[in-house]
Amino acid sequence: MELHPKKPDKPLKKIRYHHSDLRNAIIDSVARLIEEKRSLAFQLKEVATLVGTSQPAIYRHFENKAALLVETAVRGYQLQRELREHAIKTTGGTPFAYRLLSGSSPGEANLSSGGP
């Protein structure tokens with residue numbers, strides 16, 4: 001599924017999270033990894049390191065990597081819907097919403113549109 005594997009120019013900073021928000025921090029990290037690597041070729045160990053948690057903690061929230069990717073895509077769809085609604089209200093059309101999403105959340109946009 002790799003399109004254009006890319007190594008980040010600088011290491012990703014850890015995402016700080018409140019313990020009750022670990023699930024969202026994990027999803028955020030996956031979106032960032034997809035954006036940086038332009039690929040789904042990452043390990044859950046990388047996600048755990050980026051979040052600052054253990055790999056077993058990820059499995060307390062997600063059954064496997066596929067389930068985590070589904071949740072990340074669902075968030076991308078939700079963001080698309082919200083941005084589309086905002087664009088319709090402010091500009092009268094949807095193309096602007098997709099530009100907003102791809103610029104503000106490229107990882108989720110990529111995954112929810114069938115990529116990377």
Side-chain angles (χ1 to χ4, degrees):
M1 289 192 159
E2 293 183 29
L3 288 181
H4 305 288
K6 159 185 155 178
K7 294 190 178 193
D9 296 332
K10 54 187 172 185
L12 293 174
K13 292 183 181 179
K14 285 187 178 179
I15 293 178
R16 297 183 186 262
Y17 70 95
H18 186 274
H19 246 331
S20 65
D21 204 24
L22 178 57
R23 182 179 179 85
N24 285 323
I26 292 168
I27 293 170
D28 290 343
S29 295
V30 168
R32 285 179 57 191
L33 284 169
I34 292 169
E35 176 186 352
E36 287 293 320
K37 293 178 175 256
R38 298 182 50 99
S39 168
L40 301 179
F42 62 87
Q43 297 179 354
L44 292 182
K45 180 171 66 174
E46 294 175 87
V47 176
T49 300
L50 187 57
V51 174
T53 192
S54 66
Q55 191 170 345
I58 294 172
Y59 286 105
R60 285 187 217 119
H61 294 275
F62 302 96
E63 184 178 341
N64 52 35
K65 182 178 176 181
L68 179 51
L69 290 171
V70 166
E71 288 298 318
T72 305
V74 166
R75 181 188 285 175
Y77 288 122
Q78 291 168 340
L79 285 170
Q80 283 181 344
R81 186 189 68 228
E82 291 170 12
L83 290 170
R84 185 174 51 248
E85 289 170 1
H86 174 74
I88 288 169
K89 287 178 186 174
T90 58
T91 67
T94 60
F96 181 66
Y98 293 107
R99 285 198 308 265
L100 280 174
L101 176 63
S102 63
S104 64
S105 302
E108 284 114 335
N110 231 341
L111 189 57
S112 65
S113 66

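Numbering of residues begins at 1 and proceeds along the displayed sequence.
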What residues form a side-chain contact (heavy atoms from CB on, under 4.5 Å) with E82, not counting sequence neighbours?
L79
Which is it for V47 and K65 under the side-chain contact (heavy atoms from CB on, under 4.5 Å) test, yes or no, and what are the steps along the way?
CA-CA 10 Å; V47 176; K65 182 178 176 181; over 6 Å; no
Taking all atoms of both residues into account, what is the closest heavy-atom pair of [X] and [Y], and its distance?
{"X": "F62", "Y": "E71", "result": "CE2-CG, 3.6 Å"}
{"X": "V51", "Y": "A25", "result": "CG2-O, 3.7 Å"}
{"X": "L44", "Y": "I58", "result": "O-CD1, 3.5 Å"}
{"X": "L50", "Y": "S29", "result": "CD2-CB, 3.6 Å"}
{"X": "A48", "Y": "Q55", "result": "CB-N, 3.7 Å"}

Show the numbers, then the answer: is there a side-chain contact (heavy atoms from CB on, under 4.5 Å) between L68 and H61?
CA-CA 9 Å; L68 179 51; H61 294 275; over 6 Å; no
Between CD1 of I34 and CD of E36, what distance do you get to the nearest 0.5 Å?
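Taking CD1 in I34 and CD in E36, the distance rounds to 11.5 Å.
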Can you measure from OG1 (T49) to CG (L33) and round to the nearest 0.5 angstrom?
9.5 Å
Tell me which pairs pass salt bridge (charged side-chain N to carboxylate O under 4.0 Å, His left out) where either residue lies in residues 43-60, with sequence neighbours left out.
K37-E46
Who are the side chain to side chain donor-acceptor pair (under 3.5 Å) partners of N64, not counting sequence neighbours?
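With neighbours one apart ignored, the set is empty.
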